Amino acid sequence: MTSATLTINGKEIELPILEGSEHEVGINISKLRSQTGIVAYDPGYGNTGACSSGITFIDGEKGILRYRGYPIEQLAEQASFVEVCFLLIYGHLPSQAELADFREQLTRHTLIHEDMKKFFEGYPPSAHPMAIMAAMVISLSAYYPDTPDLVDLNIIRLLAKAKTIAAFSYKKSIGQPYVYPRNDLDYTADFLHMMFAVPAETYTVSPTIAKALNLLLILHADHEQNCSTSTVRMVGSSQASLFASIGAGVCALWGPLHGGANQEVIQMLEMIRDDGMNTQKYVDMAKDPNSDYRLFGFGHRVYKNFDPRARILKGAADEVLAELGVSDPLLTIAKNLEEVALQDDYFIQRKLYPNVDFYSGIIYRAMGIPTDMFTVLFALGRLPGWIAQWKEMRGDAETRINRPRQIYNGSGESTYVPLNQR
Ligand code: CMC
């Protein structure tokens, strides 16, 4: 199969077919408009391949997710987040020397410019940390020249400084002094230390919490052409800088249908708890055609069988809570909700399963992470994916500025009527 034939108004045109390395097939319509004057119409891009990419492979029917060919289950079990960052960004697993060098660089660039602290001070304590995160990522370009020759250094800076920014935004929100990064701690321990240490006490990072954070970050690290990644590519296609493109990705992630769902899930579970544990009521609300209520943490554009990340997290939730000695009624409600929904025809027919956001919040809670920081943690995890996709896009000879077409359905030509005659 090398081409497809499309017949329009009796005229046949041949469209080339592309096949990916995992046998995904796509019809190349890049010349459709110039040959026929007609465009493809695909709201939400559910059928549109916007690029070719060698970073992440997903088979939504089989529940497969691989970064650079490596199954998510193996990475989740055995790798460190920093190793996964290297893998995604540079395309291969690091040697010991490469990893040591990469770690060293990430450790050396964790401080943010002292003047940037003034920005944090300007926000009200109620500010959502995602607003601060997005603004600070873009603001990095004001302090660190964001020119094409500095991309490699800026990739390191972004990965290293993002966790400092995230922790400072939390400290700001609770009115505590900022805790500076420490070079003797690894990536996850350093972040936890900046989040939870207070000057009056010695804070020791719990290995269970550090391990859980490592797992969560790995599971969020990339997910091919999702909304925020496509935003990063879209913005970057105008040749906007790394910091600007990724700042835009942070904003896209914030929405409740995307990364913001992890916060919504906990709010939904709390609502069910406070409403007499009436799970069925919320399942019924989600099914009601007259309501736009949805079960957060359920459904996915690509996964139609199970989300392998959710499967890993369900097991991890049990383990982490047991190890930390935490008993959280929300975990029981979540399991009950999953059971009720998965037996319901509405969810079965639409192939709606728990996604990555369904169990992640319960683990974050047990780790002591406040609810409005959940999406920030998603952003920290997704950074290497955004960076890898941005880098791939910029190096791809096929990249053009992203500029979709539309089918106009507004008014026909109208004659302007001056204000005093209307
Ligand atoms: N609860 C109830 N019904 C749902 C849900 C849900 N969570 N998700 C989809 N549906 C229904 C939807 O109403 C539609 O029904 P009908 O065919 O009768 O109109 C059908 O299922 C198909 O849904 P869709 O909105 O066309 O699917 P989509 O691919 O456009 O949306 C989604 C995918 C993830 C945005 C959606 O499933 C959703 O809103 N889920 C809740 C939010 C959520 O958990 N988001 C996190 C996604 S995973 C992490 C990430 O990548 O960000």
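Computed from a prediction, not measured in an experiment: that's the story for all the values here. All values below were derived from every heavy atom in this structure, side-chain atoms included, with hydrogens, water molecules and symmetry-related copies excluded. We count ligands from 1, going down the list as the structure has it; atoms in each ligand are counted the same way.
Within ligand 1, the atoms closer than 4.0 Å to a non-hydrogen atom of Gly297 are 43 (C), 44 (O), numbered from 1 in the order shown. Per-residue contacts place Ala261 under 4.0 angstrom from the following atoms of ligand 1 (heavy atoms of the residue considered): 43 (C), 44 (O), 45 (N), 46 (C). Within ligand 1, the atoms closer than 4.0 Å to a non-hydrogen atom of Gly259 are 52 (O), numbered from 1 in the order shown.
By the 6.0 Å contact criterion, CD on Glu77 is open, its count of non-hydrogen atoms from other residues, nucleotides or ligands being 12 or less. With a 6.0 Å radius and a threshold of 12 heavy atoms from other residues, nucleotides or ligands, Lys117 has its NZ atom above the threshold. Atom CD of Gln176 is surrounded by more than 12 heavy atoms from other residues, nucleotides or ligands within 6.0 Å.
Atom 21 (O) of ligand 1 has as its closest protein heavy atom Arg350 CD, 3.3 Å. Counting only heavy atoms of the protein, atom 38 (C) of ligand 1 lies nearest to Arg294 NH1, 3.3 Å. Closest to atom 29 (O) of ligand 1 among all protein heavy atoms lies Arg301 NE, 2.7 Å. The nearest protein atom to atom 49 (C) of ligand 1, hydrogens excluded, is given as Asp357 OD2, 3.2 Å; this is a heavy-atom distance. Distance from atom 42 (C) of ligand 1 to its nearest protein heavy atom, with residue and atom name: Phe296 CD2, 3.8 Å. If you check which protein heavy atom lies closest to atom 10 (N) of ligand 1, you get Leu352 CD1, 3.6 Å. Nearest protein heavy-atom neighbour of atom 11 (C) of ligand 1: Tyr346 OH, 3.5 Å. Of the protein's non-hydrogen atoms, Phe298 O, 2.8 Å is the one closest to atom 40 (N) of ligand 1.
Ion pairing between Asp318 and Lys335 holds under the 4.0 Å rule for side-chain N and carboxylate O. Salt-bridge check for Arg294 with Glu264: failed, with every basic side-chain N at 4.0 Å or more from each acidic carboxylate O. The pair Arg108-Glu104 counts as a salt bridge, with a side-chain nitrogen and a carboxylate oxygen less than 4.0 angstrom apart.
Residue Leu257 has at least one N or O atom closer than 3.5 Å to an N or O atom of ligand 1. For a threshold of 3.5 Å applied to N or O pairs, the pair formed by His223 and ligand 1 contains no separation below that value. For ligand 1, the polar-atom distance check against Lys304 finds no nitrogen or oxygen pair separated by under 3.5 Å. For ligand 1, one of its N or O atoms has an N or O atom of Leu295 under 3.5 Å away. Close N/O approach between Val356 and ligand 1 is not found [any backbone or side-chain N/O within under 3.5 Å].
Gln389 pairs with exactly one of Glu224, His223, Arg233 by the side-chain hydrogen bond (donor to acceptor under 3.5 Å, both in side chains) rule, that one being Arg233. Here the options are Leu140, Leu106, Thr110, the test is side-chain contact (heavy atoms from CB on, under 4.5 Å), and the partner is Lys161; only Leu140 passes.
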Identify each donor-acceptor pair in which a side-chain atom of residues 340-348 lies under 3.5 Å from a protein atom, sequence neighbours left out, and give them as a table.
| from | atom 1 | to | atom 2 | distance (Å) |
| --- | --- | --- | --- | --- |
| Asp344 | OD1 | Lys287 | NZ | 3.3 |
| Asp344 | OD1 | Tyr346 | N | 2.9 |
| Asp344 | OD2 | Lys287 | NZ | 2.8 |

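Of the protein's heavy atoms, at least one falls inside 4.0 Å of atom 51 (O) of ligand 1. Within a 4.0 Å radius of atom 19 (O) of ligand 1, the protein contributes no heavy atom.
Residues Thr36 and Ile13 are in side-chain contact: their nearest non-hydrogen atoms beyond the backbone lie under 4.5 Å apart. Between Pro181 and Leu111 the shortest side-chain heavy-atom distance falls below 4.5 Å.
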